[in-house]
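Sequence lines set the chain letters: A, B, ... in the order given, protein chains first and strands last, and positions in each chain run from 1. Keep in mind the model is a prediction, meaning the values are calculated, not measured.
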Number of protein chains: 4
Amino acid sequence: MPIPLGRPANPEARAQRRAQIIKGARTCFLRKGFHAATTAEISAEAGVSVANLYQYFPTKDDLVQALIEDDLAEDLALVRLVDEAGSLREGLARIDTLLAAEPDYAEQTRLKLEIIAEAARNSQIAAVVSAADARMVAAMITLLERRQQAGEVRPEADPVVIAELILALYDGLYGRLAFSGANQARMTRAASQMIIDAFANPPHPSD
Amino acid sequence: MPIPLGRPANPEARAQRRAQIIKGARTCFLRKGFHAATTAEISAEAGVSVANLYQYFPTKDDLVQALIEDDLAEDLALVRLVDEAGSLREGLARIDTLLAAEPDYAEQTRLKLEIIAEAARNSQIAAVVSAADARMVAAMITLLERRQQAGEVRPEADPVVIAELILALYDGLYGRLAFSGANQARMTRAASQMIIDAFANPPHPSD
Amino acid sequence: MPIPLGRPANPEARAQRRAQIIKGARTCFLRKGFHAATTAEISAEAGVSVANLYQYFPTKDDLVQALIEDDLAEDLALVRLVDEAGSLREGLARIDTLLAAEPDYAEQTRLKLEIIAEAARNSQIAAVVSAADARMVAAMITLLERRQQAGEVRPEADPVVIAELILALYDGLYGRLAFSGANQARMTRAASQMIIDAFANPPHPSD
Amino acid sequence: MPIPLGRPANPEARAQRRAQIIKGARTCFLRKGFHAATTAEISAEAGVSVANLYQYFPTKDDLVQALIEDDLAEDLALVRLVDEAGSLREGLARIDTLLAAEPDYAEQTRLKLEIIAEAARNSQIAAVVSAADARMVAAMITLLERRQQAGEVRPEADPVVIAELILALYDGLYGRLAFSGANQARMTRAASQMIIDAFANPPHPSD
DNA sequence: GATGAATGAGGGTTCATTCAT
DNA sequence: TATGAATGAACCCTCATTCAT
């Protein structure tokens, strides 16, 4: 085991600075979009020099990709949140509560539009998005199958199809909320209700 | 309104060339996005010189805006299609048929993602998009109210909210179809069914 | 034959501007070398905007290559000059006279050092240099064979080898003259004499 | 000169590391040229950190200069080799033998092209090159004068001029060999022969 | 002495836009 | 009107060099 000479590498500091850059990038991408945001703006926003940014992300595209991976992980967390609840109704209610508490969630979601649009052109990003989405759809399907076995979801419904529809509904809703004047909390609840009405069995009399 | 005198220019030729440029722009924007598509590419695609393009659209942004207006008109046509059908069920079925016949509709939808993302940054475009969307929502609400009065839509449903949800569902669905491998026709039918299940009264036994 | 509309292309003006840019590039490359000379400097020297330069040479490398081709053509002209003279002695004398009249020829030759050094790394440029050099060597060989048949060059000498040596001598001489303080005209004459002494038969008594 | 006290640093280790860096630099400069080779590449090649390189050479230019001094010393050794031989013919024969044994000598010569080109722009380097060259020319002149007194070199020849020509011939030859396909050993012998034919008296019948 | 981290100053190239014919 | 030619303003990225440990 050779004794390492010189200044020792500090992985924590690196990780922190990396996150700092991604945060700055998120702000700028949100404000200007992937293409219009410049590396100079991003590094200024992150409080870093441009050259330093390039030591963490060898390419602007790499930065975009890192941010996307970071971003898509959050969506998966939402699915898990629903899954951990006792029932679909309860899970959706939690979503409603959570999103009601984050009034600028719609704002953040704008990035997803950008991401999907970008995925349509950049095959590398398309791969990242597809992979993340596949994981999310899979989690959703598992969740729905479980609820179906528990008798909460109608037996004739196809979990694969429903999963896609539910994700589409939320994607579309938050996409629209970014520019329509509709009330975010209200529309989120309405979406939950729509899902219940469309796919759930009527509640047991004992509920 | 008579053709103004003293203008030797040929309005028909102008309109035709304008459309030709917009068509080229659509191709390029679809391929590369608003920012990455260059005026050089667009004019090449349209078979026009760059300088000539600038005689029809004084700015790239103007071209984008013209294309967006052109584009948003199509969506409104879909709402009218539903409205002209005898019932919500029938209208949605027509949508299903129509979209099944255009297998690359999802592809074209990518432009809408770009448009919305752009609207979030460009206030002029935001105005255009909002206005077009407001018209569409209004048409949708009117349609739903009529169906509600006809007893087809559940009386407790709020047409304003439902309209948003339905539009969100389709937006989100076609956004997802642009990169997920799901079957477009099948998912379109499933969306129709979801709408029926969530908002419609059960069909009369006589139906 | 379709009638060309719009501003007609002007090939002469283009050729002139192209030459103008190459001239500016030569000045800058001479002053700073291929790598250190910037496109900004070159275009300033040529009295052109940077963007305009890029309409004539899509890449800095392309500009370098064009200049090299331009440059190597001159050397070939020198060989032809010797060939057109009645004898090797007469031809070399003409070279001496010509170079004596251009006191900064050594200065210009510095570019050839740069060119060869660059050829060692850039395969595209290597191809250009090799091709041009092959033409020059071939012309030299032909010349020497003719002089050999005329009895002026020693019969046992191999024109292929001599050609290389003569070119090497001049290359090396002008390379050295670029930094040594030696007298250009004198050294040029000495080189001619060396060639005569090494390869020529003694002059006929009738000469 | 006693080793200065109060300097705990290990001079041997320093010298070794210095040589290690110069070696890495030579490799990189040969591969890419002075300007295109980066300090990062050089230190990687030398197995050293960039910051460490800067503790040995405060500037990239200083590194270049050190390497050049290192390099020019070798040429002088060749002149001495000839001088130590009994005759010019014998000395040139030894050169032929030596260079025949180093088939990639031409490759290394590429650095000299780079050096001369650089000298044309960097006055500091020009001084180094001029000084080294002056030493070499002086050694060459001394050598030739001795051979002239020994009756081997023609009496009417000017050693100052011949020295320049001989150096020019070798410089040019190895410059050309770097990219022409000619055979190095054969051309080296031919150059020796050319020198003999041009400047030497015919051998004594007793030789 | 040695290393990892950071940066200011460009460098080549592109692009929306304008000018001249 | 329509085109070829031209340009200023950036943009992404690199690199020699310095700082901190």
For this session: Please check the phosphate of E:dG1 (OP1 and OP2 only) for any side-chain N or O of D:Arg14 closer than 4.0 Å.
Result: yes

Exercise. What does nucleotides 16-21 of chain E look like as a protein-contact string, B for base, S for sugar-phosphate only, - for none, at under 4.0 angstrom between heavy atoms?
Worked result: BBBBBB

Exercise. Watson-Crick or G-U wobble partner for F:dA20, using a 3.5 Å limit on both distances?
Worked result: E:dT3

Exercise. Under 30°, 30 to 60°, or over 60°: which ring-plane class applies to A:Phe34 and A:Phe29, parallel, tilted or perpendicular?
Worked result: perpendicular

For this session: To the nearest Å, give me how far apart CZ (D:Arg18) and C1' (E:dA2) are.
Result: 18 Å

Problem set entry | Nucleotide E:dA6, atom C1' - distance to CZ of A:Arg17 in whole Å | 7 Å

Seminar exercise, completed: The answer to which of B:Ala13 and C:Tyr56 contacts DNA chain F further toward the 5' end, by nearest nucleotide, is B:Ala13

For this session: Quickly, which of C:Ile115, C:Val64, C:Ile68 forms a side chain to side chain contact (heavy atoms under 4.5 Å, CB included) with C:Val128? Name it, please.
Result: C:Ile68

Problem set entry | Length of the line joining A:Glu41:CD and F:dA10:P, which is rounded to integer Å | 11 Å

Exercise. Applying a 3.5 Å limit to both distances, which nucleotide forms a Watson-Crick or G-U wobble pair with E:dG8?
Worked result: F:dC15

For this session: Measure the distance from CG on B:Asn52 to P on F:dT1 and round it to the nearest whole Å.
Result: 9 Å

Seminar exercise, completed: From CZ of A:Phe57 across to P of F:dC11 the rounded distance in Å is 20 Å

Exercise. Taking CD1 from A:Ile21 and P from E:dT7, how many angstroms apart are they, rounded to a whole number?
Worked result: 9 Å

For this session: Starting from P on E:dA5, measure out to CD on A:Gln16 and report it in whole angstrom.
Result: 13 Å

Exercise. Picking from B:Glu114, B:Glu45, B:Glu41, what satisfies salt bridge (Lys or Arg N to Asp or Glu O under 4.0 Å) with B:Lys32?
Worked result: B:Glu41

